[in-house]
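Just below is one structure, and these are the notes that go with it.
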Number of protein chains: 2
Amino acid sequence: MGKNEKISPAVIRRLPKYYRYLGELSKVGVNKISSRELSDMTGFSASQIRQDLNNFGGFGQQGFGYDVENLRNEIGKILGLDKKYKIIIVGAGNIGQAIANYTGFYEADYEVVALFDKNPKLIGLSIRNALIMDSDDLEDFLEKEHIDIAVICTPKSVCQQVAEQLVRCGIRAIWNFAPKDLKMPEEVYVENVHLNESLFSLTYYYNKMKKESE
Amino acid sequence: MGKNEKISPAVIRRLPKYYRYLGELSKVGVNKISSRELSDMTGFSASQIRQDLNNFGGFGQQGFGYDVENLRNEIGKILGLDKKYKIIIVGAGNIGQAIANYTGFYEADYEVVALFDKNPKLIGLSIRNALIMDSDDLEDFLEKEHIDIAVICTPKSVCQQVAEQLVRCGIRAIWNFAPKDLKMPEEVYVENVHLNESLFSLTYYYNKMKKESE
DNA sequence: GAAAAATCGAGAATTTTTTAACAATATTTT
DNA sequence: AAAATATTGTTAAAAAATTCTCGATTTTTC
Ligand SMILES: NC(=O)c1ccc[n+]([C@@H]2O[C@H](COP(=O)([O-])OP(=O)(O)OC[C@H]3O[C@@H](n4cnc5c(N)ncnc54)[C@H](O)[C@@H]3O)[C@@H](O)[C@H]2O)c1
Ligand SMILES: NC(=O)c1ccc[n+]([C@@H]2O[C@H](COP(=O)([O-])OP(=O)(O)OC[C@H]3O[C@@H](n4cnc5c(N)ncnc54)[C@H](O)[C@@H]3O)[C@@H](O)[C@H]2O)c1
């Protein structure tokens, strides 16, 4: 499937956006799209879009454009959205519950199988078919069930030790919401959602704009 | 304060990370740090750290390093974390409530002043001193109160119209959690938190690693 | 107190990413 | 059916980001 070269992270982060727009187009019955039109929608340059896609193979047709449904499927396959993923969430507080409650990852087949917490008041409750379990039972659970992705929603004070426990039990993909960089072995991929950093960037640009408009 | 050139977004996104590590160092009593040590902690190269900081002025001392507390303050000033910000949240569902409940933006002075929702069951409730108000009262509220940042936590179907309403009422900074790109005039800064895209990237790298380890 | 080591800041070199150019190919028009 | 138009894929050029190098300066060692 495509070329063997290393694909830059910037490319990978643009793919989900293409995928989303293609999904919207598909939904409203558009079945052909050019890189130029996609550029107008996404804000990325047409050239960049073509370049990005050609990292993985030629999905378009010269003189014509791209078939919306086909391109969407191809990008989905590249990202792995054609497969099913089982997820657990560790830390069933504000963020952990919000994610468990979320039904909008529909585009792909993600299933939150269980949550884990150490707070006895939460243990035993359910969120959309997923039970909140005692975090003491985490290791036993992971021995029995195959889980693809673990979401860390604990306080930052314990996120590193939780991550290490997860990795010991075979987890290789972590979605980390705690504001700390996990130190992990190479074979584990960590995707951080650092909301503080996002808000701080926003703050910088907010102030910059205010200054400029003075 | 520093030079007039345009600073790249990549630099701005690294500053909050430096700021966080410096805060941690400060807390444990370290008061001197070299770009080399900061490199070991953050994973960014020492050269890049020095280059980044020199966009804003020379905060270090040759042969010595950087004063932790001083550098942290300087980065804080660059980001604008020395000022106070009033925030409202539109959409008091899962994510909106999670953010309102969050006390971890402590590093700077952010205050969630109010939430807005159209669900009568939510209107009137309070989250940490912030009242959930009727979204019909949003415009009146914004006329009276000065708000710096609006957080959009509504379903994506209404996020564009909500954003337009906010901008009409003078909002210039939006933190958007809805999975859609807002079309906004130039003078409005939008910081997107697109969790779907983050999860899709994670999925790509998870699959890539699995393939490589086969 | 002189020599050695550490370190920043600045500019140069390198690498990576993005944009532009254009030949090849498909569609549409006349 | 020929000409005009549209559009991709690919290669080249340009721009941007990162890393390297090194002189200047401070601290540490002997
Ligand atoms: N809520 C937000 O808006 C927000 C924003 C930015 C970052 N974060 C980060 O996300 C994480 C979660 O935030 P939150 O607001 O949901 O916090 P929270 O306090 O609501 O939830 C944390 C949960 O983790 C549980 N927990 C603690 N130790 C545990 C352990 N060892 N094993 C399993 N569970 C454990 C707690 O019982 C609690 O239920 C934190 O690291 C926070 O800094 C949250
Ligand atoms: N929860 C998650 O984990 C998650 C993940 C990714 C993206 N998101 C996005 O974040 C947004 C919020 O998600 P959520 O899970 O909190 O949803 P939610 O349904 O829990 O909350 C949405 C809230 O918005 C309110 N609302 C609807 N229309 C409104 C309007 N016109 N004005 C004011 N309020 C209005 C609803 O009454 C509801 O309380 C959505 O766009 C969702 O796609 C959420």
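Quick note on labels: first sequence line is chain A, next is B, and so on, each numbered from 1. Note that these values count all heavy atoms, side chains included, but never hydrogens, waters or copies made by symmetry.
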Side-chain donor or acceptor of [X] under 3.5 Å from a matching atom on the base of [N]?
X: A:Q51; N: C:dT19; result: yes
X: B:S35; N: C:dC8; result: no
X: A:Q48; N: C:dT17; result: no
X: B:Q62; N: D:dT25; result: no

Nearest-Å distance, [atom1] ([X]) to [atom2] ([N])?
X: A:D40; N: D:dT7; atom1: CG; atom2: C1'; answer: 14 Å
X: A:D52; N: C:dA20; atom1: CG; atom2: P; answer: 15 Å
X: A:K6; N: C:dT15; atom1: NZ; atom2: C1'; answer: 10 Å
X: B:I49; N: D:dT18; atom1: CD1; atom2: C1'; answer: 13 Å
X: A:I33; N: D:dT8; atom1: CD1; atom2: C1'; answer: 14 Å
X: B:Q61; N: D:dA24; atom1: CD; atom2: C1'; answer: 12 Å
X: A:N55; N: D:dT10; atom1: CG; atom2: P; answer: 11 Å
X: B:F56; N: C:dC8; atom1: CZ; atom2: C1'; answer: 17 Å

(message) Taking B:H194's backbone N and O only, do any of them form a donor-acceptor pair with B:N192's side chain (distance below 3.5 Å, no angle check)?
(response) no
(request) Using modelled atom types only, decide if a donor and an acceptor are shared between the side chain of B:Q160 and the backbone of B:K183 within a distance under 3.5 Å. (result) yes
(message) Using the side-chain heavy atoms of B:R50, tell me which of these nucleotides is nearest: C:dC8, C:dT17, C:dC22.
(response) C:dC8
(message) Given C:dT17, D:dT19, C:dT18, identify the nucleotide with an atom nearest to the side chain of A:S8.
(response) C:dT17
(request) Quick one: label B:F44 by what it contacts on the DNA or RNA (base, sugar-phosphate, nothing), any heavy atom closer than 4.0 Å. (result) nothing
(request) Answer with base, sugar-phosphate or nothing: what part of the nucleic acid does B:S34 contact at a heavy-atom distance below 4.0 Å? (result) sugar-phosphate
(request) Provide the closest heavy-atom pair for B:Y18 versus B:L53 in the form atom of the first, atom of the second, distance. (result) CD1-CD2, 4.4 Å
(message) Judged by each residue's nearest nucleotide on DNA chain D, which is more toward the 5′ side, A:G63 or A:S47?
(response) A:G63
(message) Less than 4.0 angstrom between a side-chain N/O of A:R36 and OP1 or OP2 of D:dT5, yes or no?
(response) no
(message) With a 4.0 Å cutoff (strictly under), does any side-chain N or O of B:Y66 reach OP1 or OP2 of C:dG9?
(response) yes
(message) Could you check whether B:N207 and A:Y85, counting side-chain N and O atoms only, form a donor-acceptor pair closer than 3.5 Å?
(response) yes
(message) Could you go through B:I174 and B:I149, starting from their C-alpha distance and side-chain angles, then the distance that decides it, and tell me whether this counts as side-chain contact (heavy atoms from CB on, under 4.5 Å)?
(response) CA-CA 6 Å; B:I174 292 177; B:I149 300 167; over 6 Å; no
(message) On DNA chain C, compare the nucleotides closest to B:A46 and A:P9; which residue's is nearer the 5' end?
(response) B:A46
